[in-house]
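Every chain is numbered from 1 and lettered A, B, ... according to where its sequence line falls, protein lines coming before strand lines.
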Amino acid sequence: MWSRLPLPSACWRPAWPMRWGGSVYFDVAKYNKEHHYGKLSGRNIEELIANTRELEGQEEKRNAADFALWKKAQPEHLMRWPSPWGPGFPGWHLECTVMSTKYLGEQFDIHGGGMDLKFPHHECEIAQSVGDCGKEPAKYWLHTNMVTLNGQKMSKSLGNSILPSEFISGSHPLLDQAYSPMVLRFFMLQSHYASTLDISIEALQAAKRGYLKLMNGLRVLRNLDYQPQEGVSVNEKGAQQVAGLCDNCYRSMNDDFNTAQTIGHLFNLVKKINALQTGQLSTAELGEQTFTRMKETVLLFTEEVLGLREEAHLKPENLLDALLDLYRQAKEAKDYERVDQIRAHLRKSGVVVKDMKQGIDWAYEE
RNA sequence: GGUCUCGUGGCCGAGUGGCUAGGCAGAGCUCUGCAAAAGCUCGUACAGCGGUUCGAAUCCGCUCGAGACCUCCA
């Protein structure tokens, strides 16, 4: 991969790197004379150096805050590429900088990552980019907080770490069932990205039901259309309330991606949608403009902005079994009109019913 | 030890000085052949102590508790 990327020689100006043996380090102290190393995580270099302990393998650095740009490959090292300093491999921070520069340019809009990467990794990325081209790599940094499990940090040593794939399959002793990707997404969006999120069975179950409630609302909404009614005028207060909820969706997302609050507003709108379905509220009371706006807003925020979509939960086999059961009953009752009806319905899905001596089965229509 | 974050009702989780967050669970009501769904109503929460203020979950201080980073590897 590295052979296809612009290699460091083009990337580094001689201002801050310093060479040592076959490795190259970034001189943080020197950089800090002109720029603030630590601006992202609110640190200053004096404290960093004062608080650092002596560790092995750091003899090559001028001081502990320096970081490797290019590391000399030891003979047994598998990763190795040629460079002006001999065979080696890029430092961790440089990998990211070179890749993002190649694919996103010298400066891009948003750089995400867990808050554990804020220091030192992202500070180093900033220093490298500024050192190289004078620009900070990202306009905005978006740091997500950590996830805990039953109030404890997930870690391998505690034996409480669960892989994403294990959530989805449900194959983990700490899980009571499988949780689909959309349920997990909903679960995470219910908290702010910068807050810690605690995973527990109770919380996951609650999220699953909440997600299904939202999806049911969406399904109802898709089938709703504006119906004018004679003698029914727009309820201004109610319409304003709905319009306000639509505004709030935008407002909360614009407020540092407050997805939790946005979901809250969406649920308030789902209440209105359900009331419309059961006739406790009419679209005429809402007014065409407000109704249309509500429909567009809810679909936009749920599906496009939050990325929450309906997952197919229905098992076609079960539905087919149910229909064949009705078919069998109709046949026994000699209700041939109904029998033909069921056959016609199934044929629409490419399924033909097979009446055999041994019983009833089905096949794909050929 | 240093720097920083957090502690909200049974559970999860928004909210940063006065205005209903929301979801799940629970109770009651309406609707209903039964059941479900849905709607309405309810619990009056902000770790503890003290302070600032007309007023604090929200600001300040202290205490207790939880967590992150401060070093390597990625």
Side-chain angles (χ1 to χ4, degrees), chain A residues 38 40-61 63-68 71 77 79 89-96 99 113-125 143-155 158 183 186-217 219-220 241 244-245 248-249 251-253 255-282 308:
Chain A
L40 191 63
S41 53
R43 290 162 207 252
N44 68 65
I45 195 165
E46 290 79 15
E47 281 176 9
L48 286 173
I49 292 168
N51 287 327
T52 310
R53 289 162 282 177
E54 286 289 323
L55 281 173
E56 288 178 22
Q58 300 213 350
E59 306 78 32
E60 292 183 343
K61 294 183 180 181
N63 67 58
D66 294 340
F67 57 90
K71 290 191 122 178
H77 205 97
M79 285 203 300
F89 56 96
W92 166 34
H93 317 302
L94 192 67
E95 289 181 15
C96 289
M99 282 191 282
M115 63 180 281
D116 53 329
L117 298 177
K118 205 170 185 177
F119 182 88
H121 185 224
H122 294 156
E123 296 287 4
C124 295
E125 281 189 55
H143 293 281
T144 54
N145 213 128
M146 304 284 106
V147 167
T148 58
L149 183 67
N150 296 319
Q152 269 191 316
K153 180 190 174 185
M154 268 200 200
S155 78
L158 289 170
V183 168
F186 176 87
F187 174 65
M188 292 186 206
L189 291 174
Q190 268 188 306
S191 77
H192 189 88
Y193 73 84
S195 305
T196 52
L197 176 63
D198 187 52
I199 297 176
S200 65
I201 295 297
E202 267 187 310
L204 285 170
Q205 285 174 345
K208 184 173 184 174
R209 296 197 179 180
Y211 164 74
L212 292 173
K213 182 175 189 162
L214 188 59
M215 288 304 114
N216 280 329
R219 211 165 38 76
V220 167
Q241 194 194 1
L245 287 168
N248 285 344
C249 287
R251 192 172 301 139
S252 50
M253 278 309 287
D255 182 14
D256 194 20
F257 302 105
N258 196 331
T259 54
Q261 207 168 62
T262 306
I263 287 175
H265 298 315
L266 287 171
F267 272 112
N268 282 326
L269 286 165
V270 164
K271 275 186 189 170
K272 300 292 177 193
I273 291 164
N274 286 328
L276 285 169
Q277 189 201 28
T278 55
Q280 288 155 296
L281 184 69
S282 72
L308 294 168

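Between A:Leu214 atom CG and B:C24 atom P the separation is 10 Å, expressed in whole Å. Rounded to an integer number of Å, the gap from NZ of A:Lys71 to C1' of B:A74 is 11 Å. Here B:A37 presents its C1' atom at 10 Å from CZ of A:Arg219, a figure rounded to the nearest Å. Between the NZ atom of A:Lys271 and the C1' atom of B:C24 there is a distance of 13 Å, given to the nearest Å. Separating the CZ atom of A:Phe119 from the C1' atom of B:G2 is a distance of 12 Å, rounded to the nearest angstrom. If you take CG of A:Asp66 and C1' of B:C70, they are 16 Å apart, rounded to a whole angstrom. Taking atom CG of A:Leu269 as the reference point, atom C1' of B:G39 lies 15 Å away to the nearest angstrom. One interatomic measurement links the two molecules: CZ of A:Phe267 to P of B:A21, which rounds to 17 Å at whole-angstrom precision.
Residues A:Leu94 and A:Phe67 fail the side-chain proximity criterion, which asks for heavy atoms closer than 4.5 Å. Residues A:Thr259 and A:Met253 form a side-chain contact, since some pair of their non-hydrogen atoms from C-beta on lies under 4.5 Å apart.
Nearest approach of A:Ser191 to A:Leu197, heavy atoms of both residues: OG-CD1, 3.6 Å. The two atoms that bring A:Leu269 and A:Cys249 nearest to each other are CD1-SG, 4.3 Å, heavy atoms only.
The backbone N or O of A:Gln261 sits less than 3.5 Å from a side-chain atom of A:Asn258, completing a donor-acceptor pair.
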How does RNA chain B look in dot-bracket form if you count Watson-Crick and G-U pairs under 3.5 Å, write [ ] for pairs that cross, and put | where a base pairs with another strand? (((((((..(((.....[...))).(((((.......)))))....(((((..]....))))))))))))....
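Taking the C1' atom of each, B:C59 and B:G26 are spaced 36 Å apart, rounded to whole Å. Comparing the P positions of B:C12 and B:G7 gives an interatomic distance of 13 Å, to the nearest angstrom. The gap from the C1' atom of B:U53 to that of B:A27 amounts to 39 Å, rounded to the nearest Å. Rounded to whole Å, the separation between the C1' atoms of B:G10 and B:A25 comes to 7 Å. Comparing the same atom, C1', in B:C60 and in B:U52 gives a spacing of 7 Å after rounding to whole Å. Taking atom P on both B:C70 and B:G22, the two are 40 Å apart, rounded to the nearest angstrom. The gap from the C1' atom of B:C6 to that of B:U58 amounts to 14 Å, rounded to the nearest Å. Here, B:C64 and B:G23 have their C1' atoms 31 Å apart, quoted to the whole Å.
Contact annotation: A:Lys213 side-chain N/O to B:C24 OP1/OP2 distance is under 4.0 Å. Between A:Arg209 and the phosphate of B:G23, there is no side-chain N or O to OP1/OP2 separation shorter than 4.0 Å.
Among the heavy atoms of the strands, none lies under 4.0 Å from A:Lys118.
Distances from the side chain of A:Leu117 to the nucleotides B:G39, B:A74, B:C69 place B:A74 closest. Listed nucleotides: B:A38, B:C69, B:G22. Nearest to the side chain of A:Asn274: B:A38.
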Can you check side chain to side chain contact (heavy atoms under 4.5 Å, CB included) on A:Asp256 and A:Tyr193, steps first, answer last? CA-CA 9 Å; A:Asp256 194 20; A:Tyr193 73 84; 2.7 Å; yes
Just do the side chain to side chain contact (heavy atoms under 4.5 Å, CB included) check on A:Leu204 and A:Val183 with the steps written out, would you? CA-CA 8 Å; A:Leu204 285 170; A:Val183 168; 5.5 Å; no
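Each of A:Thr262 and A:Val270 was assigned the nucleotide of RNA chain B with the nearest heavy atom; the assignment lying further toward the 5' end belongs to A:Thr262.
Atom NZ of A:Lys213 sits about 6.5 Å away from atom NZ of A:Lys271, to the nearest 0.5 Å.
Ring orientation note: the planes of A:Phe89 and A:His77 are close to parallel, at an angle under 30° on the 30°/60° scale. The aromatic rings of A:Trp92 and A:His121 lie parallel to each other, with less than 30° between the two planes, well short of the 60° mark.
Residues A:Gln280 and A:Thr278 bring a donor and an acceptor atom of their side chains to less than 3.5 Å of each other.
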Which parts of nucleotides 4-16 of chain B does protein reach within less than 4.0 Å, heavy atoms only, written one letter per nucleotide 5' to 3' as B for base, S for sugar-phosphate only and - for none? -------SSSSS-
